[in-house]
Amino acid sequence: MKLIRVLMLTAPLAGAFSPVRPAFSSVRTPTNLFADASIQFVKGLQEKKVPNVKLTRSRDGSSGVATFNFDNPNCFDASTASAGEITGMFMVDEEGELSTTQVNARFSNGKPQSIESTFVMTSAGQWDRFMRFMERYGEANGLEFNKA
């Protein structure tokens, strides 16, 4: 009888500390805190496609490179052509803007298919700033960091 009473008292507590399982499929929505982190190829036009991002960093942490790959980005859509030309990649958040002009388009049969962009960081401060941007952008778009 004592065992049943102990189980009855501890059963509600066990559920309080177990992981919460979502009732619906896991769809990430931006939070207000991170909603303004975006990537743009045309100033003012947010890129809707989420890129594949690869990071490399020097052993001493003094420099690094981020390579972004966008498959069929919306800046190639006919509906966005009037917004302007691609002049670079602009990473915009509440701290300001990071940018690079190292942007290359890949074509297949004369039609644009993807964009590869490279952002070079030459100091530990630039690396830290980039990682803060990526944390905000990742939170807003469902990305996560995976160490190789």
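Given the structure is predicted, the values throughout are model-derived calculations rather than measurements.
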Please work out which of the three classes, parallel, tilted or perpendicular, describes the rings of Phe133 and Tyr137, given edges at 30° and 60°. parallel
Residue pair [X] / [Y]: nearest heavy atoms and the distance that separates them:
X: Thr67; Y: Val65; answer: OG1-CG1, 4.0 Å
X: Arg57; Y: Ser63; answer: CG-O, 3.4 Å
X: Pro112; Y: Asn72; answer: O-OD1, 4.3 Å
X: Cys75; Y: Ile86; answer: SG-CD1, 3.6 Å

Supply the atom-to-atom distance [X] [atom1] to [Y] [atom2], rounded to the nearest 0.5 angstrom.
X: Lys43; Y: Glu85; atom1: NZ; atom2: CD; value: 15.0 Å
X: Glu47; Y: Asn141; atom1: CD; atom2: CG; value: 10.5 Å
X: Lys49; Y: Phe76; atom1: NZ; atom2: CZ; value: 12.0 Å

For the pair Ser117 and Asn104, evaluate side-chain contact (heavy atoms from CB on, under 4.5 Å) and give the outcome as yes or no after the intermediate values. CA-CA 6 Å; Ser117 182; Asn104 296 304; over 6 Å; no
Sidechain-backbone polar pair: [X] side chain, [Y] backbone, donor-acceptor under 3.5 Å:
X: Gln40; Y: Val92; result: no
X: Ser62; Y: Ser123; result: no
X: Gln126; Y: Thr122; result: yes
X: Asn74; Y: Lys48; result: yes

Could you check whether Asp93 pairs with Arg129 (Lys NZ or Arg NE/NH1/NH2 to Asp/Glu carboxylate O, under 4.0 Å)? yes
So, Arg132 and Glu94, do they make that salt bridge, N to O below 4.0 Å? no
With sequence neighbours excluded, tell me which residues meet ring pair (Phe, Tyr, Trp, His ring centres under 6.0 Å) with Phe68. none
Quick one: are Gln102 and Glu116 in side-chain contact, heavy atoms under 4.5 Å? no
Would a 4.5 Å heavy-atom cut-off, applied to side chains only, mark Ser114 and Asp71 as touching? yes
Under 4.5 Å between side-chain heavy atoms, counting indirect links through other Ile/Leu/Val/Met/Phe/Trp/Tyr residues: same cluster for Met121 and Phe90 or not? no
Dump the intermediate steps for ring pair (Phe, Tyr, Trp, His ring centres under 6.0 Å) on Phe119 and Phe130, then the final yes or no. CA-CA 9 Å; Phe119 181 69; Phe130 174 77; 5.6 Å; yes
Using the rule given for side-chain contact (heavy atoms from CB on, under 4.5 Å), can you reason through Arg106 versus Ile115, listing the C-alpha separation, both sets of side-chain angles and the distance that settles it, and then say yes or no? CA-CA 6 Å; Arg106 296 200 178 163; Ile115 289 181; over 6 Å; no
So among Ile39, Thr101, Thr118, which one has a side-chain contact (heavy atoms from CB on, under 4.5 Å) with Met89? Ile39
